[in-house]
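Working notes for the structure below.
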2 protein chains.
Amino acid sequence: MYTIGDLARRTGVKIPTIRYYEQMGLLAAPERSEGNQRRYEKRELERLAFIRHARDLGLSIDAIRDLLALSEHPERPCGEADRIATEHLASVREKIARLKKLEQELERIVACHGNHTIGDCYVIRALADHSLCESEH
Amino acid sequence: MYTIGDLARRTGVKIPTIRYYEQMGLLAAPERSEGNQRRYEKRELERLAFIRHARDLGLSIDAIRDLLALSEHPERPCGEADRIATEHLASVREKIARLKKLEQELERIVACHGNHTIGDCYVIRALADHSLCESEH
DNA sequence: CTCCATAGCTATAGCTTCTGGAGCTTTATA
DNA sequence: TATAAAGCTCCAGAAGCTATAGCTATGGAG
């Protein structure tokens, strides 16, 4: 039996976050002690570790809920799990692409290196005038 | 004189967002018509375009507030503006690095291609067992 | 057995950056 | 002048937590 604090220490998920996951339906409401404190089994520790890992990978709460539901049916085909992960990979790649464009634009903007005045600072002028940008963003 | 709708059309910032920026102190409360509707000058249109552009580049509301304050003093040195932009560039680069790690991990995870069952699906197993990961994240 | 620190409880609010809706008023146009 | 489009304020919600207040339970020492 684990207390909520045990779970927090073992998974690195903060206590209020564990309670929040319970509220969000990622974790079932666990048994309680006589004094109304949550008491968890090993299964729930593993489930929380799964959630933590998926969150670290950037999956949404909704996607995780779906994956957890799928994982309860080991005999079913895994196409759906694959679809969720693949879609997420695509969204990660999109984010990377977007950020790289920003990176380029920012590199150009900071080229002024702060050694003159605001009045002719490229940072300020570039922000004020979109047409100074090289690409869309 | 522009209405709030004119500003929205010209900058691509939605009307509730313009009002939100006013609340957040990025835009000063503008003049009002006799019927209490907001009426803007060209200056404010330009200011909003600046904000829009900076948001597109991913700068926070706070950073933008600082940059706007700086831009009111063209005679001052621009080191501070440069610092804000440079810091932001660094944070963009960090995000890119983190996302690339995620991308790699997800690529490995989706390699199972959904052609078997949940029970031996690599997506599910990888999420359940962090030790299957190659790098930290 | 009592005391105390630590840990847990609930409920609620706050963060960030908007977005949307309800219910009403103003403005512009025909 | 009638009416449609656009504006107003206020409030709630989305995501994923985090923090606080005010209280109770637990576990070990003396």
Side-chain angles (χ1 to χ4, degrees), chain A residues 1-27 29-40 44-45 48 50-68 84 87-88 91-92 95 98-99 102 137, chain B residues 1-27 29-40 44-45 48 50-68 88 91-92 95 98-99 102 137:
Chain A
M1 291 295 245
Y2 306 94
T3 65
I4 198 168
D6 292 337
L7 251 67
R9 265 184 301 283
R10 281 160 194 265
T11 60
V13 178
K14 297 203 173 129
I15 289 173
T17 307
I18 296 174
R19 294 198 273 244
Y20 170 76
Y21 287 161
E22 182 181 322
Q23 239 183 278
M24 292 301 103
L26 295 191
L27 294 170
E31 284 176 49
R32 298 286 181 132
S33 72
E34 282 188 15
N36 199 36
Q37 299 190 353
R38 288 168 179 81
R39 290 297 127 92
Y40 297 93
E44 291 157 299
L45 174 64
L48 182 57
F50 183 107
I51 295 166
R52 169 76 208 261
H53 192 182
R55 284 295 303 138
D56 283 349
L57 287 167
L59 286 151
S60 72
I61 299 282
D62 280 353
I64 295 170
R65 211 191 330 264
D66 290 350
L67 287 170
L68 284 165
I84 291 171
E87 258 178 29
H88 182 58
S91 87
V92 166
K95 266 186 209 147
R98 261 179 17 89
L99 286 172
L102 289 193
H137 40 246
Chain B
M1 291 294 246
Y2 305 94
T3 66
I4 197 168
D6 292 338
L7 252 66
R9 265 184 301 281
R10 282 160 195 263
T11 60
V13 177
K14 298 207 171 127
I15 290 172
T17 307
I18 297 174
R19 295 197 272 243
Y20 168 77
Y21 287 160
E22 182 181 322
Q23 239 182 280
M24 292 301 103
L26 296 191
L27 294 171
E31 285 177 49
R32 298 283 182 136
S33 70
E34 283 188 15
N36 198 35
Q37 298 191 355
R38 289 169 179 80
R39 290 298 126 93
Y40 297 94
E44 292 157 298
L45 174 64
L48 181 57
F50 182 108
I51 295 166
R52 169 77 208 260
H53 192 183
R55 284 296 301 138
D56 282 350
L57 287 168
L59 287 151
S60 71
I61 299 283
D62 280 353
I64 295 170
R65 210 190 332 261
D66 290 349
L67 286 171
L68 284 166
H88 182 59
S91 87
V92 166
K95 267 186 207 148
R98 259 180 26 86
L99 285 172
L102 290 193
H137 43 243

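Across A:Arg55 and A:Leu59, no two heavy atoms sit closer than the pair NH1-O, 2.6 Å.
Closest to the side chain of B:Asn36, from the set C:dT10, D:dC8, C:dT17, is D:dC8. Taking the side chain of B:Thr17 as heavy atoms from C-beta on, and the options D:dC17, D:dC8, C:dC18, the nearest nucleotide is C:dC18. For B:Ser33, the listed nucleotide lying nearest its side chain is C:dT26; candidates were D:dG16, D:dT18, C:dT26. For B:Pro16, the side-chain atoms get nearest to C:dG20 when compared with the rest of C:dC18, C:dG20, D:dG16. Here the nucleotide nearest the side chain of A:Arg19, chosen from C:dT17, C:dT27, C:dG8, is C:dG8. With C:dC9, D:dG7, C:dG20 as the choices, the nucleotide that has an atom nearest any side-chain atom of B:Lys14 turns out to be C:dG20.
Between the CG atom of B:Leu27 and the C1' atom of C:dT17 there is a distance of 14 Å, given to the nearest Å. Per the geometry, OH belonging to B:Tyr20 stands 16 Å off C1' belonging to D:dC10, to the nearest Å. The CD1-C1' distance, from B:Ile15 to C:dT19, rounds to 12 Å in whole Å. As a whole-Å value, the separation of B:Met24 CE from C:dC15 P is 9 Å. A straight line from CD of A:Gln37 to C1' of D:dG27 spans 11 Å, rounded to a whole angstrom. C:dT25 atom P lies 16 Å from atom CZ of B:Arg32, rounded to whole Å. A straight line from CZ of B:Arg38 to P of C:dT25 spans 17 Å, rounded to a whole angstrom. One can place CG of B:Leu26 at 13 Å from P of C:dT16, the figure rounded to the nearest angstrom.
Atom CZ of A:Arg39 has more than 12 neighbouring heavy atoms from other residues, nucleotides or ligands inside a 6.0 Å radius.
Along DNA chain C, the nucleotide closest to A:Asp6 and the one closest to B:Arg55 are compared, and the more 5′ of them pairs with A:Asp6. Of the two residues contacting DNA chain D, namely A:Gly35 and B:Ile4, the nearest-nucleotide position lying further toward the 5' end is that of B:Ile4.
In this structure, A:Tyr21 does not reach the D:dG16 phosphate: none of its side-chain N or O atoms is under 4.0 Å from OP1 or OP2. Between B:Thr3 and D:dA6 there is no side-chain N or O to OP1 or OP2 distance below 4.0 Å.
Within the 4.5 Å cutoff, no side-chain heavy atoms of A:Met1 are placed close to those of A:Ser33.
Panel note: side chain B:Arg65, backbone B:Met24; a donor-acceptor pair is recorded below 3.5 Å. With hydrogens and angles disregarded, a donor-acceptor distance shorter than 3.5 Å links the side chain of B:His88 to the backbone of B:Leu57.
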